[in-house]
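Encoded as structure tokens, the structure appears first; notes follow it.
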Amino acid sequence: MDDQVNHLTPAHPAHGNDSGAELYARAEADRKAFWAAQARRLHWDEPWQHVLDWSRPPIARWFDGGRLNVAYNCVDRHVEAGYGDQVAVHWVGEPGDTRDITYRDLHRMVQQAANALAGLGLRAGDRVAIQLPMIPEAIVAMLACARLGLVHSVVFAGFSPAALRARVDDARARVVVTADGQYRRGRAVPMKEKVDEALVDADSVERVIVVRRVGADLDDDTPWQNGRDIWWHDLLRDASDHHDAESFDAEHPLFILYTSGTTGKPKGILHTSGGYLTQAAYTHRIVFDHRPGSDVYWCTADIGWITGHTYLVYGPLANRTTQVVYEGTPNVPHEGRHWEIIQRYRVSLYYTAPTLIRTFMKWGEQIPARYDLSSLRVLGSVGEPINPEAWLWYHQHVGGGRSPIVDTWWQTETGAIMVAPLPGLRAPKPGAAQRPLPGIGAKVVDDEGRQVSPGASGYLVIDSPWPAMARGIWGDDERFRTTYWDRFAAHDDYFAGDGARYDTDGDIWILGRTDDVMNVSGHRLSTAEIESALVAHPAVAEAAVVGASDALTGQRVIGFVVARGEADPPTADDLRRYVAEAIGPIATPREIHSVPELPKTRSGKIVRRLLRDIADGREPSETTTLADPAVITDIAQRFGPRTDA
Ligand code: PRX
């Protein structure tokens, strides 16, 4: 086969040999050879036979036949190459405690954790749910799973017991890893008791492993189920710190991560090993221009989201990064916390979300001005469109007018960055993600799937398979196909759900979701999921949820409910509690309005677009499709003029 490669040839000696322009040219000339070269920077125990098998779309197989161990690539090989003393993680706890973890320390911890998990009888392919705060053990637990071929499903620590339970059941997790509690906004709050609540009668779960994070700050009062629960430190204390990493097929599942879609049920997005790690490492290296050993990198995402998986765990560690991991909120104990950390560790690469940048703007430029941020070299943005005002503020008040900003577009499903400018290569454009990365085929198309011309807008699609692409929805391949591939099936294009436009230079501007998925502070929320939480309330007959524009959080959740029969309308607080319990506090609507009826088409479909118009303070447009246009006029009158939109 033409793409049979010799994996024993050394990788490129260092970053910097690839100028951006050369990367584009090489990828353009031969995309498969280009990705093979990126994959060869990893350590493979056995070579692959084919770079890409796309014979059964939409499920790709990358580096088929190749075998590797993801954790070995992220940890062991750096120690073996003599970098054991390099700090992997400068960890900063919210209360101010710190830990510096070298690659040697990480190696020891991951081996112990792997032995401990294996000792519980877990075997490759078994699922482990992880709900932990941002503590080093979260990274260790993920890597220990990867080392053993266990499939992790990390659940954001802010998700409710019901949301955790739905994820545990869907994946049939045998083990759950959690903590006694976590620090949030300066307080210790319990976690374990919530996990217990989630796991009542969860028949797949055999063991719950508990990291002691807050201890005495919660009076060491951790509820315990003997026989099932076990302390992380007890488990590791008895485990050997030597573990030989076994190699797994390139397509062995690495993790499941649940994300919201247009229906009420979250989708378990499945990622596999070799292709995912290749693109995670490649994008982290070229987008941030990362130089191992000299850069200090900080990605502020939580491990509960895809950004935390790809740009806090797998990408950076595969690239032998020294990184900061911060446990807490950005204004505890003061609003300069991030700048203080950047100054202290001389952070050079900083990756965050527009919503946080807008929060920093609100707090004022005098705060970053008090700190020495001269170490910063590249700034990143992810999760939602960055408005030009926030871009300029970030550039000037954080980047000192020097550091390029990389606005990175991607998704849980894409696994890694897809569209972003390469730092320093082209003149920056505040607010534009710009070009597909070398090796990626992304374009903007019209309703029929034809590429639109410069200046026009349409749908953002990916027109050729990429290594980190999702390999399906856990347990539901059909849903994977219908959700992402049916829309532009004639061209075999993946449709991401986002609208985009080309400017006259042909650069891509992301316009936001075209479906009923909201983006609040960079977190993806489903209208349908929140609606089903609202209608679960006994006094609610119907509910519609929309994302209204918000200057700080991008969008904010607004709910409209119709009370059941003669029932008194439920209070907004009561309904918010329902949503917090079903999903988590991040999903609770900012406002909930009780209305007599919802605007619907003649076939009974709720027209959320009109409710969004109202919530945004616009005149409702095109009401002709409604069964009864008076409904929307009535809601508009109740709502009154908006001054805060
Ligand atoms: O709408 C896009 C938006 O976030 C969605 C993906 O959300 P999620 O899977 O949670 O992953 C977020 C982190 C990668 C996309 O469909 N989005 C992400 N990055 C950008 C963005 N919108 C505009 N510009 C971006 N840079």
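Whatever order the structure lists them in is the order used to number ligands and atoms, beginning at 1.
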Just to confirm my output: which protein heavy-atom neighbour is closest to [atom], and how far is it?
atom: atom 23 (C) of ligand 1; answer: P385 N, 3.0 Å
atom: atom 1 (O) of ligand 1; answer: D498 OD1, 2.6 Å
atom: atom 12 (C) of ligand 1; answer: G383 CA, 4.3 Å
atom: atom 13 (C) of ligand 1; answer: T307 OG1, 3.4 Å

Number the atoms of ligand 1 from 1 as they appear, then name those within less than 4.0 Å of a heavy atom of [X], with their elements.
X: V382; answer: 13 (C), 14 (C)
X: D407; answer: 25 (C), 26 (N)
X: I510; answer: 22 (N), 23 (C)
X: T408; answer: 19 (N), 20 (C), 25 (C), 26 (N)
X: R524; answer: 6 (C), 7 (O), 8 (P), 9 (O), 10 (O)
X: N519; answer: 3 (C), 4 (O)

Worksheet item: Should the heavy atoms of other residues, nucleotides or ligands under 6.0 Å from CD of E28 be counted, would the total exceed 12?
Response: no

Fill in: Parallel, tilted or perpendicular, as decided by the 30° and 60° cut-offs, for the rings of F255 and H271
tilted

Item to complete: Fit a plane to each ring of F159 and F156, take the angle between them on a 0 to 90° scale, and name the class: parallel (under 30°), tilted (30 to 60°) or perpendicular (over 60°).
Response: perpendicular

Would a distance-only check, ignoring hydrogens and angles, find a side-chain to backbone donor-acceptor pair under 3.5 Å from [X] to [Y]?
X: D477; Y: G472; result: no
X: W393; Y: R358; result: no
X: T310; Y: T307; result: no

Practice prompt. Ignoring hydrogens, just give me the one of W410, W509, W409 whose non-hydrogen atom is nearest atom 6 (C) of ligand 1.
Written response: W410

Fill in: Option whose closest heavy atom lies nearest to atom 8 (P) of ligand 1, chosen from T412, V419, I508
T412

Discussion item. Would you say T352 and T300 are linked by a side-chain donor-acceptor pair, where the criterion is simply a distance under 3.5 Å?
Written reply: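 There is such a pair between these side chains.
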
Practice prompt. Say whether W474 and D170, considering side chains only, have a donor N or O and an acceptor N or O under 3.5 Å apart.
Written response: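 The answer is no; no qualifying pair exists.
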
Worksheet item: Relative to ligand 1, is E384 under 4.0 angstrom through side chain, backbone, both or neither, heavy atoms considered?
Response: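 Backbone only.
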
Worksheet entry | Criterion side-chain hydrogen bond (donor to acceptor under 3.5 Å, both in side chains) against Y459, the qualifying member of D447, D498, D493 | D447

